[in-house]
Amino acid sequence: MTDTAPDGRHAALLDQIGAGASGLDLSGAALGRAGLAPLADPAASPPWWDAGWGGLALAGRDLGDAKLEAADLSGANLHGARLGGVVGRSARFDGANLEEADCAGADLSGAGFRGAVAGQVSFAEAMLEDARFGEAAMRFANFRQALLDGADFSGADLWGADFTGADADYTNFRRARLDEANLSDVNLTHADFEGASLTKARLVGSRLRGANLAGVKLDGADLSGADFSDTSLVRLNLATCRLTHARFAGAFVTGTRMRVEQLGGAVGEEVAQAYEAAQASYLALEQNWRSIGSQDAASWAYKRGRRMGRMQAGVQARAAWTARDPRALVRHGYRWVADRFVEWLCDYGESLSRIARAFAIVILVFGLLYGLTGGMILEGEGRATYNPIDLMSYSALNMMTANPPEIGIKPTGRIANLLVGVQGAAGIILMGLFGFVLGNRLRR
């Protein structure tokens with residue numbers, strides 16, 4: 001087209017549009033606002049021109065059978081138009097009015113919608129790879145199960161938009177407004193949300209592996225079951241978010257505000273019984289909580305991580321048993337038993353009460369053994385004592401002194417002396433462990 005008159009093809013297309021014809025072939029047609037505005041004489045008021053909007057008049061039209069590949073419809077009024085299933089690869093709709101338009105199932109790969117007004121537009125199940133929506137106003141738009149790989153939504157207003165089930169890896173949402181949007185079960189691998197607002201948004205079950213969340217606002221967002229594997233979560237405030245069973249394996253989490261209670265008792269990898277990944281997830285959380293000085297939360301994550309290591313050893317031991325691999329069975333079985341004992345003894349070095357419990361049990365067991373063997377005799381009388389107070393007193397003092405206690409009772413015989421030596425060694429170990437754990441607690 002020229003600035004003064006359309007060529008033959010474009011003139012015919014304008015006549016067809018004005019007449020409401022169907023089956024339009026607009027492939028490659030330059031029917032943008034800039035080119036048509038000089039032709040739209042207000043006095044003549046051509047039927048193909050929407051004077052109120054200032055663009056091509058296509059409001060309410062059924063364009064489902066039209067050909068729109070590489071067509072320039074920038075600035076057109078497509079309010080309420082039906083483009084379901086249309087093929088419009090690389091078409092231009094920049095600055096167009098697409099409010100309440102139906103583009104469900106359309107192939108608009110590489111199309112441009114920059115600055116478009118498209119509230120409540122439907123792109124459900126549409127193909128929109130590499131499409132450009134920069135600065136577009138698209139509140140409550142429908143992108144359910146759409147293909148959005150590489151699309152650009154930078155600066156777009158997507159308040160309340162629905163992306164449920166969409167595929168949007170490597171998609172650009174920089175500075176976009178996604179407040180109260182629904183991005184549940186969306187593939188957002190390597191998506192860029194830098195500076196975006198996701199206040200009260202839903203990202204339940206979304207896959208955010210490697211996503212850029214720098215400076216994003218997530219106040220009140222629902223991130224239950226979200227996958228943050230290999231994602232950088234630096235200095236974010238997630239304290240008001242729902243993080244039930246979220247996944248953090250391989251994530252770099254530091255300086256981020258969150259609480260243990262938000263996880264719903266376990267990370268998503270543990271719920272899925274992926275214990276090795278769960279251990280990595282708890283390690284990331286432990287490091288984050290230590291970075292913000294939340295020692296109790298870090299202790300919780302550390303213990304859960306150790307428990308996941310034990311669970312993984314159990315899985316491997318069972319697999320070795322099934323495969324009849326004795327070496328692997330011994331290796332993984334020993335690790336499971338050792339971790340289980342350490343957990344019982346001191347909760348992986350985090351519980352003073354469990355060490356005190358072990359003290360009490362050892363005192364009781366050895367007191368009973370002294371009585372059963374009859375190896376404790378009363379000095380000056382030469383006879384064995386079976387008095388529970390005598391036996392328990394000796395056992396308790398033997399646990400806490402370097403030498404056998406001098407309380408008028410002494411061991412006799414090899415078995416009794418062996419028991420005294422073993423108990424003394426156990427006492428030294430437990431006392432040292434108690435001091436180590438106590439020191440760690442005091443330093444915190």
[X] to [Y] - nearest heavy-atom pair and separation:
| X | Y | result |
| --- | --- | --- |
| Ala126 | Cys103 | CB-O, 3.8 Å |
| Ala317 | Gly333 | CB-N, 4.1 Å |
| Ala57 | Pro47 | CB-O, 4.0 Å |
| Val422 | Phe366 | CG1-CZ, 3.9 Å |
| Ala29 | Leu13 | CB-CD1, 3.8 Å |

Atom pair [atom1]/[atom2] of [X] and [Y] - distance to nearest 0.5 Å:
| X | Y | atom1 | atom2 | value |
| --- | --- | --- | --- | --- |
| Leu83 | Arg61 | CG | CZ | 11.0 Å |
| Leu26 | Asp72 | CG | CG | 11.0 Å |
| Leu183 | Ser206 | CG | OG | 6.0 Å |
| Glu180 | Leu178 | CD | CG | 11.5 Å |
| Lys217 | Leu198 | NZ | CG | 11.0 Å |
| Leu213 | Leu218 | CG | CG | 6.5 Å |

Plane angle bin for [Y] and [X] - parallel if under 30°, tilted between 30 and 60°, otherwise perpendicular:
| X | Y | answer |
| --- | --- | --- |
| Phe143 | Phe153 | perpendicular |
| Phe113 | Phe123 | perpendicular |
| Tyr348 | Tyr302 | perpendicular |

For [Y], is there any backbone N or O sitting under 3.5 Å from a side-chain donor or acceptor partner on [X]?
| X | Y | answer |
| --- | --- | --- |
| Ser74 | Gly32 | no |
| Trp53 | Leu78 | no |
| Ser294 | Trp289 | no |
| Gln262 | Arg259 | yes |
| Asp296 | Ala298 | no |
| Arg174 | Asp152 | no |
| Thr171 | Leu148 | yes |
| Asn97 | Glu99 | yes |
| His332 | Val315 | no |

Report all side-chain donor-acceptor pairs from residues 270-280 shorter than 3.5 Å, counting only partners two or more places apart or in another chain.
from   : atom 1 : to     : atom 2 : distance (Å)
Glu270 : OE1    : Tyr282 : OH     : 2.5
Glu270 : OE1    : Arg304 : NH2    : 2.9
Glu270 : OE2    : Arg304 : NH2    : 2.6

Do the non-hydrogen side-chain atoms of [X] and [Y] ever get within less than 4.5 Å of each other?
| X | Y | value |
| --- | --- | --- |
| Leu108 | Val87 | no |
| Val86 | Asp107 | no |
| Leu24 | Lys67 | no |
| Leu147 | Leu128 | no |
| Asp50 | Leu56 | no |

With sequence neighbours left out, write down each residue that passes side chain to side chain donor-acceptor pair (under 3.5 Å) with Ser395, or none if nothing qualifies.
Gln423
Going by side chain to side chain donor-acceptor pair (under 3.5 Å), name the residues that satisfy it together with Asp179, two or more places apart in sequence or in a different chain.
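Residues passing side chain to side chain donor-acceptor pair (under 3.5 Å) with Asp179: Arg177, Ser197.
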SB check [X] [Y] (cutoff 4.0 Å):
| X | Y | answer |
| --- | --- | --- |
| Asp222 | Arg202 | yes |
| Asp185 | Arg207 | yes |
| Arg114 | Asp94 | no |

Cut-off 3.5 Å, side chains only: do Ser27 and Glu69 have a donor facing an acceptor?
no
Under 6.0 Å between ring centres: does that hold for Phe93 and Phe133?
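Aromatic pair excluded; centres sit 6.0 Å or further apart.
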Could you tell me which residues satisfy salt bridge (Lys or Arg N to Asp or Glu O under 4.0 Å) with [X], sequence neighbours excluded, listed by chain and number?
| X | result |
| --- | --- |
| Glu286 | Arg290 |
| Asp149 | none |
| Lys303 | Asp347 |
| Arg33 | none |

Please list every donor-acceptor pair under 3.5 Å in which a side-chain atom of residues 157-165 meets a protein atom from a residue at least two apart or in another chain.
from   : atom 1 : to     : atom 2 : distance (Å)
Asp157 : OD1    : Arg139 : NE     : 3.4
Asp157 : OD1    : Trp159 : N      : 3.3
Asp157 : OD2    : Arg139 : NE     : 2.8
Asp157 : OD2    : Arg139 : NH2    : 3.4
Asp162 : OD1    : Thr164 : N      : 3.0
Asp162 : OD1    : Thr164 : OG1    : 2.6
Asp162 : OD2    : Arg144 : NH1    : 2.9
Thr164 : OG1    : Asn182 : ND2    : 3.3

Please check if the number of heavy atoms outside Arg235 that lie under 6.0 Å from its CZ is greater than 12.
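Counting neighbours around CZ of Arg235, 12 or fewer heavy atoms of other residues, nucleotides or ligands fall under 6.0 Å, so no.
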Can you list, pair by pair, the side-chain donor-acceptor contacts under 3.5 Å of residues 321-329, counting residues two or more places apart and other chains?
from   : atom 1 : to     : atom 2 : distance (Å)
Thr322 : OG1    : Arg318 : O      : 3.0
Asp325 : OD1    : Arg327 : N      : 3.4
Asp325 : OD1    : Ala328 : N      : 3.3

Below 3.5 Å, can you tabulate the donor-acceptor pairs from side chains in residues 352-365 to any protein atom, sequence neighbours excluded?
from   : atom 1 : to     : atom 2 : distance (Å)
Ser353 : OG     : Ser351 : OG     : 3.1
Arg354 : NH1    : Glu343 : O      : 2.6
Arg357 : NH2    : Trp344 : O      : 2.5

Pick out which of Leu208, Thr231, Asp169, Asp227 makes a side-chain contact (heavy atoms from CB on, under 4.5 Å) with Thr189.
Asp169
Less than 3.5 Å apart, which donor and acceptor atoms pair up between the side chains of residues 243-257 and the rest of the protein, not counting sequence neighbours?
from   : atom 1 : to     : atom 2 : distance (Å)
His245 : ND1    : Ala266 : O      : 3.0
Thr256 : OG1    : Leu233 : O      : 2.8
Thr256 : OG1    : Leu236 : N      : 3.4

Please test Asp230 against Arg209 for salt bridge (charged side-chain N to carboxylate O under 4.0 Å, His left out), starting from the C-alpha separation and ending with a verdict.
CA-CA 6 Å; Asp230 304 319; Arg209 286 175 174 262; 3.6 Å; yes
Exercise answer: donor-acceptor pairs, residues 429-437 side-chain atoms, under 3.5 Å, sequence neighbours excluded:
none

Going through the distances and angles, do Lys200 and Asp219 end up as a salt bridge (charged side-chain N to carboxylate O under 4.0 Å, His left out)?
CA-CA 6 Å; Lys200 296 184 180 179; Asp219 299 340; over 6 Å; no
